Amino acid sequence: MRAIIVLLSFIFFCNAFAVTNEGNNTIKRTEESVFVYKPEIWLKKGMYQYKIGSYNAALEYFLKIKDKKRDDYYRKALFMLSKTYMKIGRKIGDKEYLWQALDLLQLYFNTVKNVDWDFYYTKARIYENLGFYDKSLDIYRVAFLKAKNDRQQIKTVIGILRSAVYLRRPDIVDEYYILLSTSPLTRQDEKELEFLKGLILFSKGKYREAFRYFFKTYRKNEAYLIENPEYYYLVAEDIYRKGDYRLAEQLFKRIISLTRDKSVIRKAMLRLGDTELKKGDKKLAVATYYNLVTTYPDSPETTIAKLKLIALMEKDPALKYRLQQTDIKAFKQPLRFVLETLIHSRDTYLGAFALANFGAYVLQTDSDNLFKQLEWEISLVFPKQLKYEQKEFIVREWKPYLLKLASKRLCELYKTNPDFFKVIFDKETLIKIAEALGKCNERKERLNLIRYIAAKWRDDNDLLMLAEALTESKDFNDSLEILKKVKKRNCRYYKIYIKNLVFLGKSAKEFLPMLREMEDICPSDDIEVKAYEILASIEQKNPQRAMWIIKENKKKIAEFYDKDPVLKLAIYKTISYLLAINNYEGCLKVIDVIEPKSNNCFLASAKLISLSRLDKINLAEAILPKVRMCKDTMSRIAQIVYEDQIIYRKLKNE
């Protein structure tokens with residue numbers, strides 16, 4: 001019995017051993033099968049993951065193929081790896097991925113004999129995402145030639161248009177945009193086209209028009225913006241620029257919370273602070289800037305945030321005290337930080353922001369040396385290269401001081417780089433500069449600036465300002481041509497119009513009916529209208545009426561004589577006429593009205609003649625030295641009249 005049990009146990013053991021061996025072999029074969037090279041399956045799975053946007057999962061499959069033998073699957077994997085790295089790099093804003101994508105694409109190119117449309121399109125997209133728009137445009141154009149169907153052509157044209165917009169090439173935009181209007185578009189194409197339309201309008205500064213397309217993209221295709229964070233930022237930036245700060249604030253916050261691109265997040269944080277400042281919430285803006293400074297301490301956006309905080313703290317002692325209690329060196333020695341940033345970053349994006357701080361500091365001081373340094377800094381700037389946010393900060397910091405700056409300094413500052421001011425500042429500031437140039441007797445510069453203002457804003461008031469400037473420079477016919485463009489013809493228009501005709505030799509009495517008809521739009525006591533009435537009276541040989549008008553308005557005439565050329569002409573003609581008819585008493589009365597405010601050679605000569613003819617030699621002798629200093633014809637005549645009167649008195653006394 002025991003022998004049977006031992007035998008059965010032995011048989012069971014043998015069977016168990018066999019089963020165990022079989023199981024071990026099965027496990028071993030299963031483990032080996034996991035590492036079997038399956039490129040077709042991996043490529044298929046990787047393509048699927050790529051298609052649904054799971055780029056990290058796609059990478060795992062493509063990398064398995066890349067690390068194995070070199071065959072067709074290997075080449076396809078290289079290409080798909082390049083595209084996947086590009087997608088990841090664009091989504092998270094890491095350019096290392098984009099450079100890796102470019103390297104893999106070149107490796108792929110080295111392993112194939114011919115490349116098709118997709119190769120050039122992918123390469124162009126990588127360069128576009130890297131910001132090399134000139135290169136992306138050239139390669140997109142090659143891809144366009146390689147396109148074999150409508151889909152490829154449409155995608156390429158959209159890429160060409162994006163690059164052309166960033167390069168500010170409206171000629172190329174116009175050339176290729178027309179192709180989209182005649183091509184069959186898919187739903188996805190139409191969505192991209194919506195964004196592209198907004199982008200084109202945004203690049204032209206038409207922010208309200210761009211908003212219509214950008215907002216539609218935001219509402220209906222936000223996933224596209226999340227996939228392309230830079231595009232999302234542009235949508236929010238457009239809303240900011242058109243002045244809808246509440247919505248802009250909302251979008252900047254969404255960008256910060258939804259996207260993974262650190263550079264876009266930093267820009268959004270910086271712009272969020274600007275938005276809060278625009279809304280008048282200074283405390284929240286300070287908190288946002290400071291959060292950026294402490295969260296991303298070594299970024300360009302942080303340097304800008306520090307400069308903006310320094311600008312705010314210089315106007316707010318309480319904020320200055322709080323910031324200087326922190327460990328951040330920039331706030332402890334703000335001017336030093338501004339100067340160091342300006343010196344080291346003069347030719348970079350940061351330089352313009354530092355210039356804004358430095359300029360604001362200088363414009364508040366009386367230092368001639370610092371002012372000369374500011375002039376030099378301005379002379380180095382190429383204003384057309386400045387971006388919107390740089391110009392915005394300079395205007396915010398400088399405008400209040402420029403509007404109060406002495407005319408002489410404002411003229412000196414402007415002449416160092418006129419384009420700097422024309423490109424950056426608004427109309428109010430430019431008009432102030434034009435006024436200063438007039439006071440500095442910089443007539444040519446003033447006229448050029450006013451021409452620029454009128455051409456840029458095309459407002460009736462700007463055209464009238466230009467017409468006035470042309471009249472002052474004696475370009476009367478040019479002034480009349482400008483007046484033809486004025487739509488709303490008010491009192492100012494008619495005064496300039498008549499002034500030009502009068503200085504061209506037309507009779508003032510022809511325009512008196514027009515002036516009287518304008519009583520409803522011109523003030524009844526307008527001194528220029530009074531000047532035309534004086535001129536008309538003299539032309540009608542009615543000096544008594546002219547003298548009466550002068551007597552009734554003597555205060556205003558004395559005040560505006562040196563400022564108004566028409567009034568000066570009217571007084572000149574009145575005095576000349578009174579001398580011609582020997583009305584010397586009347587002449588002296590007119591001179592008495594304006595002499596306290598203006599004493600020139602013509603008036604002195606007319607007075608000497610009148611006093612001499614009235615035989616008031618003692619009074620005449622008092623002004624003789626003044627007349628002798630003059631070199632014009634009138635002064636020589638006056639001296640002869642005086643000498644004749646002296647001789648006449650001697651003869652009379654004999």
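Worth saying up front: this structure is predicted, and the values here are computed from it rather than measured.
- Ser345 contributes no side-chain N or O that, together with a main-chain N or O of Leu342, makes up a donor-acceptor pair within less than 3.5 Å.
- Counted by atom type alone, Asn500 and Ser479 present one or more donor-acceptor pairs between their side chains at under 3.5 Å.
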Pair Glu276-Arg271, salt bridge (charged side-chain N to carboxylate O under 4.0 Å, His left out): steps then yes or no: CA-CA 9 Å; Glu276 290 157 348; Arg271 226 39 173 149; over 6 Å; no

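- A donor-acceptor pair shorter than 3.5 Å cannot be found between the side chains of Ser379 and Thr416.
- A centroid separation of less than 6.0 Å is found between the aromatic rings of Phe420 and Trp398.
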- request: Start with the C-alpha distance between Lys372 and Glu375, add both sets of side-chain angles, then the distance that settles salt bridge (charged side-chain N to carboxylate O under 4.0 Å, His left out), and finish with yes or no.
  value: CA-CA 5 Å; Lys372 290 295 180 186; Glu375 287 181 346; 3.8 Å; yes

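- For the pair Phe202 and Glu237, the tightest heavy-atom approach, listed with the atom from each and the gap, is CZ-CG, 4.0 Å.
- When every heavy atom of Met465 is checked against every heavy atom of Ile453, the shortest pair comes out as CE-CG2, 3.9 Å.
- Here the closest heavy-atom approach between residue Ile549 and residue Ile557 is recorded as O-CD1, 4.3 Å.
- Under 3.5 Å, the side chains of Tyr584 and Asn582 contain a donor-acceptor pair of N or O atoms.
- A perpendicular orientation is assigned to the rings of Tyr388 and Tyr207, their planes being inclined by more than 60° (bins at 30° and 60°).
- Smallest separation of non-hydrogen atoms from Lys568 and Asp562: NZ-OD1, 3.8 Å.
- If you check the side chains of Asn357 and Glu397, you find no donor sitting under 3.5 Å from an acceptor.
- Using a distance-only test at 3.5 Å, with no hydrogens or angles considered, no donor-acceptor pair links the side chain of Asn583 to the main chain of Leu579.
- Seen from the ring of Phe331, Lys320 does not count as a face-on cation partner, given the 6.0 Å and 45° thresholds.
- Gln373 and Glu377 are linked by a side-chain donor-acceptor pair at a separation below 3.5 angstrom, with hydrogens and angles left out of the test.
- Closest of all the heavy-atom pairs between Ser407 and Lys439 is OG-CD, 3.4 Å.
- For Asp171, the CG atom counts as densely surrounded, since its 6.0 Å shell holds more than 12 non-hydrogen atoms of other residues, nucleotides or ligands.
- Checked options Asp462, Leu430, Asp419; the residue passing with Tyr452 is Leu430 (criterion: side-chain contact (heavy atoms from CB on, under 4.5 Å)).
- In terms of modelled atom types and a separation under 3.5 Å, the side chain of Tyr532 and the main chain of Lys495 share a donor-acceptor contact.
- Counting heavy-atom neighbours within 6.0 Å of Lys404 NZ, excluding the residue itself, gives a total of 12 or less.
- By the 30° and 60° cut-offs, the orientation of the rings of Phe421 relative to Phe425 is parallel.
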message: Using side chain to side chain contact (heavy atoms under 4.5 Å, CB included), reason through Glu389 and Arg241 one step at a time and then give a plain yes or no.
response: CA-CA 10 Å; Glu389 59 273 16; Arg241 293 188 189 184; 3.8 Å; yes

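- The nearest pair of heavy atoms linking Glu528 to Asp564 is OE1-OD2, 3.3 Å.
- Lys551 NZ: 12 or fewer foreign heavy atoms inside a 6.0 Å radius.
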task: Apply the test salt bridge (charged side-chain N to carboxylate O under 4.0 Å, His left out) to residues Lys484 and Glu481: give CA-CA distance (whole Å), side-chain angles for both, the deciding distance (0.1 Å), then the verdict.
output: CA-CA 5 Å; Lys484 290 178 182 178; Glu481 287 299 313; 3.0 Å; yes

task: Let me see the working for Asp368 and Arg409 under salt bridge (charged side-chain N to carboxylate O under 4.0 Å, His left out), right down to the final yes or no.
output: CA-CA 10 Å; Asp368 290 334; Arg409 285 209 158 177; 2.5 Å; yes

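- A salt bridge links Glu442 to Lys415: one of the charged nitrogens lies within less than 4.0 Å of a carboxylate oxygen.
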